[in-house]
Protein chains: 2
Amino acid sequence: MNNYLQTHRYLLQFAIKPSVQRTAVMDYLLKNRTHPTIDEIYSALSPSMPTLSKTTVYNTLNLFLEKGAVQQLVIDEKNARYDIDMSLHAHFICKQCGKVHDIFNLKPELFEKPENTGFSIQNVEISYSGICNSCKGN
Amino acid sequence: MNNYLQTHRYLLQFAIKPSVQRTAVMDYLLKNRTHPTIDEIYSALSPSMPTLSKTTVYNTLNLFLEKGAVQQLVIDEKNARYDIDMSLHAHFICKQCGKVHDIFNLKPELFEKPENTGFSIQNVEISYSGICNSCKGN
DNA sequence: ATTAATTTTATAACGAGTACAAAGATAAAA
DNA sequence: TTTTATCTTTGTACTCGTTATAAAATTAAT
């Protein structure tokens with residue numbers, strides 16, 4: 001499989017020692033830009049990787065976080081969600097279906113760290129919530 | 001007690017039927033602008049209200065939320081936090097001590113709902129994270 | 001005063017996430 | 001290659017925030 005090597009190399013860029021599990025998880029994140037939860041990742045990979053443990057998925061994503069390969073979204077009260085897209089963008093969560101969507105093309109000023117707050121700000125997270133169009137009718 | 005009546009009236013403004021417990025919780029929120037967790041509220045009130053149940057605190061804050069008297073902050077991975085300040089402001093959470101601080105005086109444009117996203121946005125939440133000055137030295 | 005409706009309370013249950021220790025896999029040394 | 005050491009994965013148990021539920025208590029209505 002060709003992708004395996006690509007993802008393998010991708011992991012090395014973040015100084016993450018590749019393993020079968022880590023490569024599978026990263027591959028899933030690269031191909032599924034849906035801000036998945038741990039459970040969604042586990043459920044998706046489990047069929048083709050029956051020995052996979054959910055603990056491994058937790059460990060793997062904590063490692064990816066440390067290494068700066070993913071960001072954790074704190075937008076969903078229920079679960080943590082993960083995003084490999086590290087570019088400046090915001091998110092929308094539908095209060096009904098719970099799906100999280102990207103919002104790109106916002107003015108870069110929105111992501112600037114405010115000055116003179118008395119805090120050393122490392123991270124900015126902009127989250128919108130409401131109802132998505134699919135849920136609108138219901 | 002004079003405050004009791006004030007808080008009582010405050011609750012009525014949001015069409016919340018006052019009770020001893022609800023008044024105590026709202027009074028706490030009005031006086032402690034620290035974005036407390038359920039547990040912090042419960043622990044603070046419990047000594048002077050020994051029969052208070054933590055479930056009541058949960059129920060009460062869910063009611064306040066429904067009635068629009070408080071907003072729930074989704075900034076702390078561990079617990080939900082609550083804020084009676086409904087004005088346009090952002091928050092900073094210290095990754096070390098976990099305290100949540102207000103950030104006022106940001107440009108109002110930051111809180112505008114982006115157009116043409118395909119979602120009906122009801123809410124905007126801007127969250128910063130990093131290390132606060134008290135934790136800086138450690 | 002009785003009855004009905006709300007609210008509070010305690011307990012149990014659920015589910016996300018972590019701790020831990022054993023088993024398995026990989027890398028290094030001999 | 002074998003042995004040894006290190007790292008990774010796995011399953012289980014556990015913690016803790018939150019919700020479900022049903023009984024008890026309080027408040028409102030008749």
Side-chain angles (χ1 to χ4, degrees), chain A residues 4 7-8 11-12 14-28 35-67 69-70 72-82 93 95 98 100, chain B residues 4 7-8 11-12 14-28 35-67 69-70 72-82 93 95 98 100:
Chain A
Y4 188 88
T7 308
H8 202 272
L11 287 173
L12 290 174
F14 293 96
I16 296 165
K17 206 182 286 179
S19 71
V20 180
Q21 291 83 348
R22 289 170 183 176
T23 306
V25 170
M26 182 51 89
D27 194 57
Y28 180 82
H35 323 91
T37 64
I38 293 288
D39 212 71
E40 285 166 355
I41 299 169
Y42 173 75
S43 299
L45 299 181
S46 185
S48 58
M49 241 186 142
T51 71
L52 182 65
S53 161
K54 199 178 281 188
T55 304
T56 299
V57 183
Y58 275 103
N59 291 341
T60 300
L61 276 136
N62 284 333
L63 178 68
F64 288 2
L65 258 185
E66 275 172 38
K67 296 293 188 177
V70 300
Q72 190 181 46
L73 304 184
V74 184
I75 187 177
D76 183 339
E77 302 139 59
K78 310 288 177 194
N79 324 297
R81 293 180 168 275
Y82 298 90
I93 184 167
K95 284 175 184 171
V100 173
Chain B
Y4 188 87
T7 308
H8 202 274
L11 287 173
L12 290 174
F14 293 96
I16 297 165
K17 206 182 286 180
S19 71
V20 180
Q21 291 83 349
R22 289 171 183 176
T23 306
V25 170
M26 181 53 88
D27 195 56
Y28 180 82
H35 323 92
T37 63
I38 294 287
D39 212 72
E40 285 167 355
I41 299 169
Y42 173 75
S43 300
L45 298 180
S46 185
S48 58
M49 242 186 143
T51 70
L52 182 65
S53 160
K54 200 178 281 189
T55 305
T56 300
V57 183
Y58 275 102
N59 292 340
T60 300
L61 276 136
N62 284 333
L63 177 68
F64 289 2
L65 258 185
E66 276 171 38
K67 297 292 188 174
V70 300
Q72 189 180 47
L73 305 184
V74 184
I75 186 176
D76 182 338
E77 302 139 59
K78 310 287 177 195
N79 325 296
R81 292 179 170 275
Y82 299 89
I93 184 167
K95 285 176 183 169
V100 173

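Atoms considered below: every heavy atom in the structure, side chains included; atoms not considered: hydrogens, waters and symmetry mates. Lettering follows sequence order; numbering is per chain, from 1.
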* Structure fact -> Between CG of Asp76(A) and C1' of dT18(D) the distance, given in whole Å, is 14 Å
* To do: Considering just the side-chain nitrogens and oxygens of Gln21(A), establish if one lies under 4.0 Å of OP1 or OP2 belonging to dT10(D).
  => yes
* Side-chain N,O (Thr51(A)) to OP1/OP2 (dT9(D)) below 4.0 Å -> no
* Asked: When the distance from CG of Leu52(B) to C1' of dA25(D) is rounded to whole Å, what number comes out?
  -> 15 Å
* Rounded distance in Å - NZ (Lys17(A)) to P (dA28(C)) -> 8 Å
* **Any Asn62(B) side-chain nitrogen or oxygen under 4.0 Å from OP1 or OP2 of dT19(D)** => yes
* Gap between atoms NZ and P, on Lys78(B) and dT18(D) respectively (whole Å) -> 12 Å
* At what distance, to the nearest 0.5 angstrom, does CD1 of Ile38(A) lie from CG of Asn79(A)? -> 9.0 Å
* Could you please name the option among dA10(C), dT18(D), dG11(D) that lies closest to any side-chain atom of Ser53(A)? => dG11(D)
* To do: Could you check whether Lys54(B) gets within reach of a base, just the sugar-phosphate, or nothing at all, counting any heavy atom under 4.0 Å?
  => nothing
* So, the side chain of Arg22(A) versus the backbone of Lys17(A): is there a donor-acceptor pair under 3.5 Å, distance only? -> yes
* Asked: CD/Glu40(B) to NE2/His35(B) distance, rounded to the nearest 0.5 angstrom?
  -> 11.0 Å
* Atom CE of Met26(A) to atom P of dT8(D): distance rounded to whole Å? -> 15 Å
* Asked: Please give, in whole Å, the distance from dG17(D) C1' to Glu40(B) CD?
  -> 13 Å
* **Distance test, side-chain N/O of Thr55(B) to OP1/OP2 of dT9(C), below 4.0 Å** => no
* Atom-pair distance (CE on Met49(B); C1' on dT8(C)), nearest Å -> 10 Å
* Asked: Would you say Tyr58(B) reaches dT18(D)'s phosphate, i.e. side-chain N/O to OP1/OP2 under 4.0 Å?
  -> yes
* Out of curiosity, Thr56(A) OG1 to Leu45(A) CG, how far, rounded to the nearest 0.5 Å? -> 11.0 Å
* Asked: Quick one: on DNA chain D, does Asn79(B) or Pro50(A) contact a more 5' nucleotide (nearest heavy atom)?
  -> Pro50(A)
* **Value in whole Å for how far the P atom of dT19(D) lies from CG of Asn59(B)** => 9 Å
* Roughly how far apart are Lys54(B) NZ and Ser43(B) OG, rounded to 0.5 Å? -> 6.0 Å
* Touch class at under 4.0 angstrom, heavy-atom based, for Ser19(B) against every strand present -> sugar-phosphate
